[in-house]
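Working notes, structure below.
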Protein chains: 2
Amino acid sequence: MHIAREDAIVSAVNRLLAEKGFEAMTVDEVAAEVGIAKASLYKHFPSKEDLAAAAMVRVMNRAVAFLDSLDTTQPPLERLKRVVRWTIEVKLDGEMPSLPSESSSLRQTLTTNKAYVDGLMNVSDRLGGWITEAQETGGINAALPPLVVLYTLYARACDPVLGFLKSAGLYTNEQIIEMVLSTCFEGLNTR
Amino acid sequence: MHIAREDAIVSAVNRLLAEKGFEAMTVDEVAAEVGIAKASLYKHFPSKEDLAAAAMVRVMNRAVAFLDSLDTTQPPLERLKRVVRWTIEVKLDGEMPSLPSESSSLRQTLTTNKAYVDGLMNVSDRLGGWITEAQETGGINAALPPLVVLYTLYARACDPVLGFLKSAGLYTNEQIIEMVLSTCFEGLNTR
DNA sequence: GTCTATACTAGGATAGAC
DNA sequence: GTCTATCCTAGTATAGAC
């Protein structure tokens, strides 16, 4: 099955991107992990950049699907927290591909990838709406520009604290999630 | 002067590490930026890893020097905030080399580099002391393990929010610093 | 300790048979 | 659409003259 094969490829790419990033990932590794020849990969995807972009698009689609699944009767702050929790869970599971650095060749490919840009816009618009709602109702600090709040939430997807705490081995995933959610929304200071 | 030349090399490496990370940085670029031949670089440093490690050691030494410069009559929470502010400033200036991913060849070199490990231990011990002090005096949330606080502070050195906000061009560096400090210590929620 | 020139390898991409 | 075999560039590292 053609689609199942491509899905396996994208899964391998996704995992490797999460583990080592775009530059350090090699196409040979991807082929080895999928269990096919490198040349076969290139029948499915024209370049390493497109391979990585497919993984980024998929995770973006997963994010959109998660937003769709949220109970809209919940208050906006609660929905935002659930999104952050989902993001952290994905990263702890080793399934969150890390963003390329600003000067990476992948950036160019991504910014011209309609599926990716559309997904990002979709997610940003919806989260942006919830943020301003949560600021109006007093849940989120109204002194912060919504853009700053949005970026701060996005940043949980590449928070190194998660990896550090996981490799320390002192806490369960659930404990890590609760602590990182706490530092994110409540801050480090005593309340 | 031998030492001035090596300093220029390390500065170039540092800037390139900050801009694109270890894997994407090439030795050719370093040579070009310093304005010497690639072979000359290898007379000073035996490998790309050692080149990068030298930059990591230097930034660690700068951190130690900054801790030394702090006014010890200030309360621990105030000192912690100043350290985070310093870290953010260095990153905004494009002088904070980004950590290698966990599977990078640079990791191995760093973990066996005594100057780096000693600096990291020194910084961690002192910050750790201030954190527990600040928790005892009620400044920092005592429910958080000190290790979690420490990692959360360290994470400001590679916070993508800084780059996003800077490239958005809507705020001055000082505004960015204040907002990121606020989200770090006060959190996103209303107080 | 700097240079030019080159060796060597990893890795992205392709040819061509089946 | 998969394979084996190969191409070719980029990039790390070194030789050897000055």
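Computed over heavy atoms, backbone and side chain alike; hydrogens, waters and symmetry mates excluded. Only a predicted model underlies this, so the values are computations on that prediction, with no experimental measurement involved.
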| remark: When rounded to whole Å, the CE to P distance for the pair Met25(A) and dG11(C) reads 12 Å
| note | DNA chain C nearest-nucleotide lookup for Pro46(A) and Ala24(A): closer to the 5′ end is Ala24(A)
| said: For Glu6(B), is there an ion pair with Lys43(B) - N to carboxylate O distance below 4.0 angstrom? | reply: no
| query | Could you state the NZ-P distance from Lys48(A) to dC8(D), rounded to the nearest angstrom? | reply | 21 Å
| said: Between Glu19(A) and Ser103(B), is there a side-chain donor-acceptor contact under 3.5 Å, judged purely by atom types and distance? | reply: no
| Rounded distance (Å) that lies between atom P of dG12(C) and atom CG of Leu106(A) | 13 Å
| request: Rounded to the nearest angstrom, tell me the gap between atom CG in Leu16(B) and atom C1' in dG11(D). | output: 15 Å
| Beyond-backbone contact of Asp68(B) with Val64(B), side-chain heavy atoms, under 4.5 angstrom | yes
| task | Starting at atom CD of Glu23(A), determine the distance to atom P of dG11(D), rounded to an integer number of angstrom. | result | 10 Å
| Charged N to carboxylate O below 4.0 Å: is that the case for Glu29(B) and Lys20(B)? | yes
| request: Starting from C1' on dT14(C), measure out to CG on Asp28(A) and report it in whole angstrom. | output: 14 Å
| request: Identify, residue by residue, the members of residues 36-45 of chain A with a heavy atom below 4.0 Å from DNA chain D, and return them in order of residue number, or none. | output: Ile36(A), Ala37(A), Ala39(A), Ser40(A), Lys43(A), His44(A)
| Do the side chains of Met96(B) and Val59(B) get nearer than 4.5 Å, heavy atoms only? | yes
| query | side chain to side chain donor-acceptor pair (under 3.5 Å) with Ser98(A): which residues, sequence neighbours excluded? | reply | none
